[in-house]
Amino acid sequence: LLRTHLQPAIVLSVSHLNETKVSPAFGNRLKYSREGNRIVVTLHDLQEKDSDNYICAEQVKGSPLLSASGTMVLVKGEQACEKSSWELYALLTVVALLFCALVCCTLRRVDVKKYFQKKKPNVVYEDMSFNSRRSTLVRS
């Protein structure tokens, strides 16, 4: 594993005889595992100074050329990440409180009891007996 642009250096070197050399800058921040011809390299606790272009290269016997593929690693400061996560939590909290206030105001204006009461059937009772009719007549 090579750094190629900002601070060119060998980060990790693994030989076919499993001899390993790790750059002192990545001593306890680099892990790797080997499965056959495949090597998986993990860099952790990255810092801004670790930003660079990293190339995994294989040296071919008898050739001065390297077979390689690269990855650009850009590390932003830790404070920006922590700040943005706190801002996200604060924003979510404010949104949740505003939603609760909206629900409370809505429930306060709506008579909730009338929606849960049993509706009384609309019944009109009219007395059609002769006695009640007679008392409603107008006499001159």
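Starting from 1, each residue takes its place in the sequence as its number. Just so it is clear, the structure is predicted and the values come from calculations on it, not from any experiment.
A continuous path of ILVMFWY side-chain contacts below 4.5 Å connects Val22 to Ile39, so both sit in one hydrophobic cluster. Clustering ILVMFWY residues whenever any of their side-chain heavy atoms sit less than 4.5 angstrom apart, transitively, puts Phe99 in the very cluster that holds Leu107.
The line from CG of Leu12 to NZ of Lys31 is 14.5 Å long, rounded to the nearest 0.5 Å. Distance check: Thr20 OG1 to Tyr32 OH gives 2.5 Å after rounding to the nearest 0.5 Å. Here the CG atom belonging to Leu92 is positioned 11.0 Å from the CG atom belonging to Leu97, to the nearest 0.5 angstrom.
With hydrogens and angles ignored, the 3.5 Å screen pairs a side-chain donor or acceptor of Thr4 with a backbone N or O of Asn53. At distances below 3.5 Å, at least one donor-acceptor pair connects side-chain atoms of Ser51 with backbone N or O atoms of Val75.
The only option from Val41, Leu30, Asp50 that meets the side-chain contact (heavy atoms from CB on, under 4.5 Å) definition with Val11 turns out to be Leu30.
Take Glu19 and apply the side chain to side chain contact (heavy atoms under 4.5 Å, CB included) test, not counting sequence neighbours, and it matches Ser15, Leu17. Residues satisfying the side chain to side chain contact (heavy atoms under 4.5 Å, CB included) criterion with Ser23, sequence neighbours excluded, are Ala25, Phe26.
Residues in residues 1-15 take part in these salt bridge (Lys or Arg N to Asp or Glu O under 4.0 Å) pairs, two or more places apart or across chains: Arg3-Asp52.
Atom CD1 of Ile10 has 12 or fewer neighbouring heavy atoms from other residues, nucleotides or ligands inside a 6.0 Å radius.
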